[in-house]
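This structure is a prediction, so every number in the text was calculated from the model and none was measured.
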Amino acid sequence: MSDNIGGIISAEYIFVEQVKTCAIIDQEICLNFTSGKNWKEFPATPNKIQVTVVPTSENGITSYTINGVVFCPKPKLDKYPEMASLQMHKILLKYATVNGEILVVGDKAHPLKVTIEKLTPSEANGYSGTKFTITGINTHPALSLRTL
């Protein structure tokens with residue numbers, strides 16, 4: 001039965017300044033981008049992408065803490081030099097799960113921050129590449145992407 005399969009198979013980002021309009025309707029998000037802009041994929045393998053959305057309630061108000069980690073190997077990352085600028089921008093993150101869900105975390109009013117860390121293995125089986133840590137706080141959980 002595949003309807004309970006977990007895991008993230010891909011992750012993509014867009015700079016918040018490239019989002020023209022953003023509407024949240026029920027548990028869906030509808031986005032429109034500035035001319036010629038679209039999602040850009042993290043060159044990561046599926047088992048190297050993690051996203052958690054944790055609700056926190058205080059004084060009757062719920063907020064959602066977003067934490068994501070994307071590991072990209074150096075050979076793949078070398079083909080995407082623009083990714084070095086991710087640390088200087090706020091983003092929205094779209095990810096696809098194994099069971100076909102397309103979810104978005106972050107929105108125009110509450111974008112996510114990216115921290116970049118270069119990884120050099122300290123042992124033979126260590127990971128070499130770049131670790132992208134994605135963090136933020138939202139007023140809603142991960143939302144399904146509504147296509148126009």
Trainee: Any chance you could measure E12, atom CD, to K40, atom NZ, to the nearest 0.5 Å?
Mentor: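 Going from CD on E12 over to NZ on K40, the span is 11.5 Å.
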
Trainee: Are any non-hydrogen side-chain atoms of K118 and T130 less than 4.5 angstrom apart?
Mentor: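 Side-chain contact under 4.5 Å: yes.
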
Trainee: Which value, rounded to the nearest 0.5 Å, describes the distance between T21 atom OG1 and F33 atom CZ?
Mentor: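 Atom-to-atom, T21:OG1 and F33:CZ are 9.0 Å apart.
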
Trainee: Looking only at heavy atoms, which two atoms of A84 and I116 are closest? And how far apart?
Mentor: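 Shortest heavy-atom separation between A84 and I116 comes out as O-CD1, 3.7 Å.
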
Trainee: Specify the closest pair of heavy atoms between E41 and S10, including all atoms of both residues, with the distance to one decimal.
Mentor: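 Closest approach of E41 to S10: OE2-CB, 3.8 Å.
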
Trainee: What residue among N67, V69, T115 forms side-chain contact (heavy atoms from CB on, under 4.5 Å) with T135?
Mentor: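 Testing each of N67, V69, T115 against T135, the sole residue satisfying side-chain contact (heavy atoms from CB on, under 4.5 Å) is N67.
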
Trainee: Just one of K20, Q18, E17 clears the side-chain contact (heavy atoms from CB on, under 4.5 Å) bar with K37, so which one?
Mentor: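 Single side-chain contact (heavy atoms from CB on, under 4.5 Å) partner of K37 among K20, Q18, E17: Q18.
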
Trainee: Are side-chain heavy atoms of Y13 and H89 found at a separation under 4.5 Å?
Mentor: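 No, side chains not in contact.
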
Trainee: Measure the shortest side-chain to side-chain distance between L143 and Q27 over non-hydrogen atoms and say whether it is less than 4.5 angstrom.
Mentor: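 Result yes, sub-4.5 Å side-chain heavy-atom pair found.
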
Trainee: Rounded to the nearest 0.5 Å, how far apart are CZ of R146 and CG of D26?
Mentor: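 The CZ atom of R146 sits 7.0 Å away from the CG atom of D26.
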
Trainee: Which pair of non-hydrogen atoms, one from P43 and one from P73, has the smallest distance, and what is that distance?
Mentor: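 In terms of heavy atoms, the two residues are closest at O-CD, 3.5 Å.
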
Trainee: Do I134 and F42 touch side chain to side chain, with heavy atoms closer than 4.5 Å?
Mentor: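 The answer is yes, as the side chains (C-beta and beyond) meet within the 4.5 Å cut-off.
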
Trainee: Of the non-hydrogen atoms in G106 and N138, which two are nearest, and what is the gap between them?
Mentor: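 It is N-OD1, 2.9 Å.
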
Trainee: Using a 3.5 Å distance criterion without hydrogens, assess whether the side chain of K108 forms a donor-acceptor pair with backbone atoms of V19.
Mentor: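 Such a contact is found between K108 side chain and V19 backbone.
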
Trainee: When you compare the side chain of L103 with that of S144, does any pair of heavy atoms fall below 4.5 Å?
Mentor: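 They are in side-chain contact.
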
Trainee: Report, as yes or no, whether the 6.0 Å neighbourhood of atom CD on E82 holds more than 12 heavy atoms from other residues, nucleotides or ligands.
Mentor: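 More than 12 within 6.0 Å, yes.
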
Trainee: Using side-chain contact (heavy atoms from CB on, under 4.5 Å) as the criterion, point out the one residue from I9, V105, I102 that pairs with Y95.
Mentor: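 So the option named by the test is V105.
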
Trainee: Would you mind reporting whether D107 and H140 have side-chain heavy atoms less than 4.5 Å apart?
Mentor: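 H140 reaches D107 side chain to side chain.
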
Trainee: For V53 and A142, which heavy atoms make the closest approach, and how far apart are they?
Mentor: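 Looking at all heavy atoms of both residues, the shortest contact is CG1-N, 4.1 Å.
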
Trainee: More than 12 heavy atoms of other residues, nucleotides or ligands under 6.0 Å from CG of N47: yes or no?
Mentor: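 Atom CG in N47 is crowded, with more than 12 foreign heavy atoms closer than 6.0 Å.
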
Trainee: Which distance, rounded to the nearest 0.5 Å, do you find between the OG1 of T139 and the NE2 of H110?
Mentor: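 Spacing of OG1 (T139) from NE2 (H110) equals 4.5 Å.
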
Trainee: Working to the nearest 0.5 Å, report the span between CD of E117 and CD of Q87.
Mentor: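 The CD atom of E117 sits 10.5 Å away from the CD atom of Q87.
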
Trainee: So which of V16, L31, N32, V104 actually passes side-chain contact (heavy atoms from CB on, under 4.5 Å) with C22?
Mentor: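 Exactly one candidate clears the test, L31.
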
Trainee: About how many Å separate OG1 of T97 and CD1 of I8, when rounded to the nearest 0.5 Å?
Mentor: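 Here the rounded value is 8.0 Å.
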
